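Below is one structure, written out as structure tokens; the observations come after it.
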Amino acid sequence: MYQQREFGFGGSGGVAALSRVDILGDPPATTSEQKAGRKAVSIDLVPDLGIDIGSVTWWRGATSCLVLCGAAIALFPDAPRIGSSETTTLNTVFWEERRVLSIAPLAIGGDSGKRMAASDAVVAINGTPERPTLDLVATMGQGDGFARVFERAGVGRNDAQSVARLVSQVVPISSIAPGTAFKMTLGRRANIRQARPLDRMAFRARFDMNVEIVRSPSGLNLKRLPIAVDDAPVRIQGRVGGSLYRSARSAGVPSSIAQEYIRVIASKISLGNDMGANSRFDLIVEHQRAETGEVRHGKLLFAAIDNGGHKTQLLPWTINGRNEWLDPKGLVQRRRSSGAPVANARQTSGFGMRFHPLLRYNRMHQGVDYAAAYGAPIYAVADGVVQHSGWHGGHGKMVKIAHGDGIGTGYAHMSRIAVTSGARVRQGEVIGHVGSTGISTGPHLHFEAYRNGVAVNPRRFAFVAPAALSGQQLASFKARLNWLTSLPVGGRNVGG
């Protein structure tokens with residue numbers, strides 16, 4: 001049960017354990033085989049190696065331990081041969097496959113999970129077959145080249161140039177807007193060093209036309225696919241309220257059209273003084289709806305506003321190559337942008353009799369004086385033809401403009417003149433600069449207005465252009481106006 005000498009057994013002193021031999025005495029004599037068997041059984045092959053180190057019994061136990069360990073190692077599956085100095089070196093491919101399975105921080109280039117190491121079931125092959133066709137979508141960017149879009153998507157240069165040549169025969173390349181999507185199908189190539197051939201491509205070339213390019217035995221061919229478009233103007237009306245722009249936008253007017261409408265109306269009336277919250281706006285705009293569902297707005301065709309009894313209507317028309325907004329009578333009528341032909345000016349003298357500060361006597365003052373900075377630009381108050389440009393006695397440097405129907409204006413005491421006699425000028429065009437030439441006490445503009453050669457008060461004068469249209473042009477203009485004003489509110493009409 002216990003080893004010899006363990007816990008005090010077999011030594012002097014302490015508690016003694018009596019064996020069977022000690023109690024019964026020596027067994028009776030047996031044969032030599034029995035004696036040898038008892039002796040073999042009494043040999044301890046696994047003694048305590050912590051006792052009697054170096055003795056015969058200890059060496060017998062050490063030998064048994066080495067034999068048992070060697071047997072265990074020899075029987076272990078796939079155990080390396082003992083004493084072998086041979087090592088296995090991974091080649092670059094297998095080392096890279098095992099490296100990516102490790103965990104490393106992204107900050108130092110960790111790429112765990114990108115590839116998995118191959119197992120014994122993987123069979124290496126020399127190459128893999130390509131997909132026979134490749135479907136993709138390329139988008140044209142801002143400032144992008146047309147052919148470059150296809151080359152970037154993998155189309156060969158020859159095919160890309162052929163597509164550009166075919167499309168240019170249908171629509172101008174420059175008219176294709178950024179953001180246009182090109183759906184393409186690339187075919188099979190002979191080898192990976194060549195670009196895939198273009199088998200098919202489709203895109204929206206115009207609002208009313210799709211384009212499809214297909215490869216045939218003779219090469220690339222273009223096919224037009226027209227799109228039906230309902231092209232009819234739409235009329236929008238509403239109450240101005242607190243903001244004309246916000247009210248127009250709430251009624252469905254596009255932002256760009258709303259801005260143009262306000263600009264056109266502001267050229268006729270004062271939005272701050274002549275328009276109230278209860279005024280009603282009225283406009284007609286080009287409107288296109290494709291059979292595919294897309295909607296596009298075009299130009300502003302009609303602009304009007306009703307101020308509760310006073311209605312302003314304007315229609316665009318081309319006169320001598322210029323686009324003008326005409327009233328129902330065919331007149332080019334604009335509101336002066338300010339109370340004076342010069343910006344940031346203040347009135348210092350009015351129209352009528354006054355005591356002249358230099359001549360020292362009362363005399364008729366046939367215009368209005370505006371004090372302004374020296375060199376400030378002077379603008380024409382209406383369209384017309386320059387009648388006089390140069391020195392004019394006490395007026396110094398002066399410009400006179402005839403506006404038609406006996407209406408004229410004069411601008412005196414200029415420091416510099418910007419127009420010549422006989423030149424046509426438009427409202428708001430710079431005709432000179434403020435000065436103090438002639439009989440003058442300082443930099444200012446002397447502004448005069450005439451009707452049939454007689455001076456009138458410019459502050460009470462409405463500068464209206466003469467009739468711009470007559471005869472057949474005026475009849476066509478009024479027919480167009482009548483057709484537009486007959487459109488129902490919120491409805492649409494075809495024709496005209």
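Being a predicted model, the structure only gives us computed values, none of them experimental.
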Is there a side-chain contact between [X] and [Y] (heavy atoms, below 4.5 Å)?
X: His287; Y: Val295; result: yes
X: Val381; Y: Tyr379; result: no
X: Leu222; Y: Val211; result: yes
X: Arg204; Y: Thr292; result: yes
X: Glu151; Y: Arg157; result: yes
X: Leu186; Y: Thr133; result: no
X: Met184; Y: Asp199; result: no
X: Leu481; Y: Pro328; result: yes

Quick one: does any side-chain atom of [X] pair with a main-chain N or O of [Y] as donor and acceptor, under 3.5 Å?
X: Lys397; Y: Ser415; answer: yes
X: Ser421; Y: Val386; answer: no
X: Arg196; Y: Gly187; answer: yes
X: Arg246; Y: Ser250; answer: no
X: Thr437; Y: Gly396; answer: no
X: Ser168; Y: Ala164; answer: yes
X: Tyr261; Y: Phe302; answer: no
X: Thr409; Y: Glu448; answer: no
X: Ser247; Y: Leu244; answer: no
X: Trp391; Y: Gly393; answer: yes

Shortest non-hydrogen contact from [X] to [Y]?
X: Tyr374; Y: Ser436; result: CE1-N, 4.3 Å
X: Leu487; Y: Pro233; result: CD1-CG, 3.9 Å
X: Ala412; Y: Leu445; result: O-CD1, 3.6 Å
X: Phe203; Y: Ala181; result: CB-O, 3.4 Å
X: Ala138; Y: Val149; result: CB-CG1, 3.8 Å
X: Asp135; Y: Thr185; result: OD1-OG1, 2.9 Å

I need the [X] [atom1] to [Y] [atom2] distance, nearest 0.5 Å.
X: Asp369; Y: Arg346; atom1: CG; atom2: CZ; result: 11.0 Å
X: Ser440; Y: His446; atom1: OG; atom2: NE2; result: 11.0 Å
X: Asp306; Y: Asp282; atom1: CG; atom2: CG; result: 9.0 Å
X: Leu314; Y: Ile305; atom1: CG; atom2: CD1; result: 10.5 Å
X: Gln387; Y: Tyr450; atom1: CD; atom2: OH; result: 9.5 Å
X: Phe281; Y: Thr312; atom1: CZ; atom2: OG1; result: 15.5 Å

Would you please classify the geometry between the [Y] ring and the [X] ring as parallel, tilted or perpendicular, with 30° and 60° separating the classes?
X: His392; Y: His388; result: perpendicular
X: Phe447; Y: Tyr411; result: tilted
X: His413; Y: His395; result: perpendicular

Regarding [X] and [Y], does a basic nitrogen lie under 4.0 Å from an acidic carboxylate oxygen?
X: Asp327; Y: Lys329; value: no
X: Glu324; Y: Arg426; value: yes
X: Asp159; Y: Arg215; value: yes
X: Glu286; Y: Arg296; value: no
X: Arg152; Y: Asp144; value: yes

Exercise for review: For Leu326 and Ile319, run side chain to side chain contact (heavy atoms under 4.5 Å, CB included): C-alpha distance rounded to whole Å, both residues' side-chain angles, the deciding distance at 0.1 Å, then the answer.
Suggested key: CA-CA 10 Å; Leu326 309 183; Ile319 304 175; 3.8 Å; yes

Review point. With a 3.5 Å cut-off and no angle check, do the side chains of Asn221 and Ser216 form a donor-acceptor pair?
Key: yes

**Study point:** Any donor-acceptor N or O pair under 3.5 Å, side chains Ser279, Asn307
**Key:** yes

Review point. Can Val170 and Met209 be said to form a side chain to side chain contact (heavy atoms under 4.5 Å, CB included), step by step?
Key: CA-CA 10 Å; Val170 178; Met209 182 178 65; 3.0 Å; yes

Check your understanding: Would the number of heavy atoms belonging to other residues, nucleotides or ligands and lying under 6.0 Å from CD of Gln194 be above 12?
Key -> yes

Review point. Does CZ belonging to Arg239 count more than 12 external heavy atoms closer than 6.0 Å?
Key: yes

Check your understanding: Of the options Lys223, Arg200, Arg224, which is the one that meets Glu212 in a salt bridge (charged side-chain N to carboxylate O under 4.0 Å, His left out)?
Key -> Arg200

Practice item. Quick one: do Phe146 and Phe182 satisfy ring-ring contact (aromatic ring centres under 6.0 Å, His included)? Show the steps, please. Key: CA-CA 11 Å; Phe146 185 77; Phe182 302 88; 5.7 Å; yes

Exercise for review: Give the intermediate values and the outcome of side chain to side chain contact (heavy atoms under 4.5 Å, CB included) for residues Leu220 and Val163.
Suggested key: CA-CA 8 Å; Leu220 294 174; Val163 170; 4.1 Å; yes

**Study point:** Intermediate values then yes/no, side chain to side chain contact (heavy atoms under 4.5 Å, CB included), Val253 and Val285
**Key:** CA-CA 9 Å; Val253 180; Val285 62; over 6 Å; no

